[in-house]
Protein chains: 2
Amino acid sequence: MPAGNPVEVWRRSEHAAVGPKPEHSRDGIAAAAVQIADQEGMAAVSIRRIAAVIGSGAASLYRYVKSRDELVELMIDRVSGEYSLDASEGPPLTRLLNLAREGRGLMHRHPWLAPLLLTQPSMGPHSLAYLEHALSALKNVDMPGPVKLQTIAMMTAITSAFVQNEMAAAPMEETSDGGHAPRLQRLVEAVQTGRYSLLAVAISEAPPQFDAEATFAGVITNYLSGAGVPSDAEWEATAHDQPGL
Amino acid sequence: MPAGNPVEVWRRSEHAAVGPKPEHSRDGIAAAAVQIADQEGMAAVSIRRIAAVIGSGAASLYRYVKSRDELVELMIDRVSGEYSLDASEGPPLTRLLNLAREGRGLMHRHPWLAPLLLTQPSMGPHSLAYLEHALSALKNVDMPGPVKLQTIAMMTAITSAFVQNEMAAAPMEETSDGGHAPRLQRLVEAVQTGRYSLLAVAISEAPPQFDAEATFAGVITNYLSGAGVPSDAEWEATAHDQPGL
DNA sequence: CTTAATTACGAACAGTGTTCGCAATTAAGG
DNA sequence: CCTTAATTGCGAACACTGTTCGTAATTAAG
């Protein structure tokens, strides 16, 4: 790892004034990488693999990107472009909740995203546009700017955590390991030792019908309320500038 | 990646009846790995590096562990042993909050932990003991067992997300990349483009005094309440079996 | 004392990210 | 138009990585 912080990709211009025109583009490379990650998981995303997909030599990629981490940054920003950021009106909480819902969908569509969003910062144009949009939802809310940013960051973090929890409990037939049958087997064996008596009764009970979507909405709404975002009712009751203009 | 699910480490006994006694132990290996990760980050934890620390050949480690992933499982369970799970009494919410606080401390002490806890399941003895302890805090709470498990999992997930948010904003002098100065520089450059006007004002405001500990407690308390865990006041008001016996 | 299992490990294999040097290509300057 | 300087594409190589194999040494049981 020779290169510095991966966010520096965005500071270098995509290609110089003189010299031959590049045969590929950052976005094209990111697209190929995303495609591989979607189909075979993040572990399959190697430099040589991407090069093979776009039809070039491996070393050529380093003309577009200075390290693999920068490439990941590109991937994150590319799928962040899938948010539909229509300039909608409405109460802040509802707008943020909708944004979180979209985020959840995104992470389900690209299972590799959730873990990365928690580790990497990501400062690409699409990510910044997302931030800007989330801030616009909080426009007339009485909060210091940095607190707004912190709240938004925490919302996407909780979303990511929730999705990862979902995926850990899901069938996950083809995600590298052979299902989660071994996990269950390990559990019953552990329970049979006698320790973990409470665990024993907890897993013996039948799981109630579980509406993930509703639970998610509850978790997010709950967090936002606690963080100081007014409920829709509170919002409507307040005079907040020109609502219809 | 040849091996199956990493949780299978716990199903194999540590060593066989016949043959020479092993010169090392799983926990010793895990300890070495944790030491390396604490000092130089998770990326520095390689098989050969661990082998060098415990003074053995690289191939020897595969007598104790079938893959690197299993080794990570060992690492997680080892630091999970740092929880102090004293059989305390008290209202469920307070007990869970204290547990989450300890988790936060743990993740600060071992910066590599937070990301892993979100990805890996971890079913080692210490992890299970933690689960059992958390369940004991919810003993007299009216919730289906699986919902309790889900709530606990979500609590540690939120904790992990919170800590990772903390660390992303921290100085992080020595964590591989050279500080987060590039991130700031990238931000101001992006803001200067004119897009992101709301972002511009948000970061221009001075950050208010920020008590991370208090904020964390608020987030966790808020989540737990929303998930159905009674507040301390509600708990005291309820008749819940023998409180002093 | 033999037998069978188990350990430790050097060597090798396939794969990774990354660097180097060189030929080919292009835009600008005279 | 031709030179010059920059830039692109990329094969080859380097330093790693996780993992497997075969072999020699060690041990408990029969």
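The chains referred to below are lettered A, B, ... by the order of the sequence lines, with proteins before strands, and numbering in each begins at 1.
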Margin query: Checking Ile50(A) now: which residues fulfil side-chain contact (heavy atoms from CB on, under 4.5 Å) with it, not counting sequence neighbours?
Written below: Ile29(A), Ala32(A), Ala33(A), Ile36(A), Val45(A), Leu61(A), Leu71(A)

Next item on the list: Using side-chain hydrogen bond (donor to acceptor under 3.5 Å, both in side chains) as the criterion, list what pairs up with Gln192(B), not counting sequence neighbours.
Entry: none

Check: Using Watson-Crick and G-U wobble pairs with both distances under 3.5 Å, what is the 5'-to-3' dot-bracket string of DNA chain D, with [ ] for crossing pairs and | for pairs outside the strand?
Finding: |.||||||||||||||||||||||||||||

Note to self: Once side-chain contact (heavy atoms from CB on, under 4.5 Å) is applied, do any residues pair with Ser197(A), and if so which ones, sequence neighbours excluded?
What the structure shows: Glu132(B)

Check: In residues 18-29 of chain B, what residues come within less than 4.0 Å of DNA chain D, judged by heavy atoms?
Finding: Gly19(B), Pro20(B), Lys21(B)

Next item on the list: Would you kindly give the CD1-to-P distance between Ile54(A) and dT8(D), to the nearest whole Å?
Entry: 14 Å

Please tabulate, one pair per line, each protein N/O and nucleotide N/O from nucleotides 14-17 of chain D that are separated by under 3.5 Å, including the distance.
unit_1	atom_1	unit_2	atom_2	d
dT17(D)	OP1	Ser46(B)	OG	3.2

Check: Does Arg49(B) have any side-chain hydrogen bond (donor to acceptor under 3.5 Å, both in side chains) partners at least two apart in sequence or in another chain, and if so, which?
Finding: Glu40(B)

Next item on the list: In whole angstrom, give the distance that lies between atom CZ of Arg63(A) and atom P of dT25(C).
Entry: 16 Å

Checklist line | Step-by-step side chain to side chain contact (heavy atoms under 4.5 Å, CB included) determination, Arg195(B) to Leu128(A) | finding: CA-CA 9 Å; Arg195(B) 294 173 279 255; Leu128(A) 292 182; over 6 Å; no

Check: Going by atom types only, do Glu73(B) and Trp10(B) share a side-chain donor-acceptor pair under 3.5 Å?
Finding: yes

Notebook entry, point to check: How many Å lie between OH on Tyr62(A) and P on dG21(C), as a whole number?
Noted result: 17 Å

Margin query: Can you list everything that forms a side-chain hydrogen bond (donor to acceptor under 3.5 Å, both in side chains) with His126(A)? Sequence neighbours excluded, please.
Written below: Asp77(A)

Next item on the list: Starting from P on dT16(C), measure out to CG on Leu71(A) and report it in whole angstrom.
Entry: 14 Å

Checklist line | Non-neighbouring partners of Glu82(A) that pass side-chain hydrogen bond (donor to acceptor under 3.5 Å, both in side chains), sequence neighbours left out | finding: Arg109(A), His110(A)

Margin query: Measuring to OP1 and OP2 of dC10(D), would you say a side-chain N or O of Ser60(A) lies under 4.0 angstrom away?
Written below: yes

Notebook entry, point to check: Whole-Å distance between dT7(D) P and Lys66(A) NZ?
Noted result: 14 Å

Item checked: Asp69(A) CG to dT16(C) P, straight-line distance once rounded to whole Å -> 16 Å

Checklist line | Qualifying ring pair (Phe, Tyr, Trp, His ring centres under 6.0 Å) pairs with a residue from residues 15-72 of chain A, counting only residues at least two apart or across chains | finding: none

Note to self: Enumerate the side chain to side chain donor-acceptor pair (under 3.5 Å) contacts for residues 148-159 of chain A, please, sequence neighbours excluded, ordered by first and then second residue.
What the structure shows: none

Note to self: In whole Å, I'd like the distance from the CZ atom of Arg12(A) to the P atom of dT8(D).
What the structure shows: 11 Å

Check: Of the nucleotides dA8(C), dC20(C), dC9(C), which one has an atom closest to the side chain of Tyr64(B)?
Finding: dA8(C)

Next item on the list: For residues 12-23 of chain B, pull every pair meeting salt bridge (Lys or Arg N to Asp or Glu O under 4.0 Å), keeping only residues two or more places apart or in separate chains.
Entry: Arg12(B)-Glu70(B)

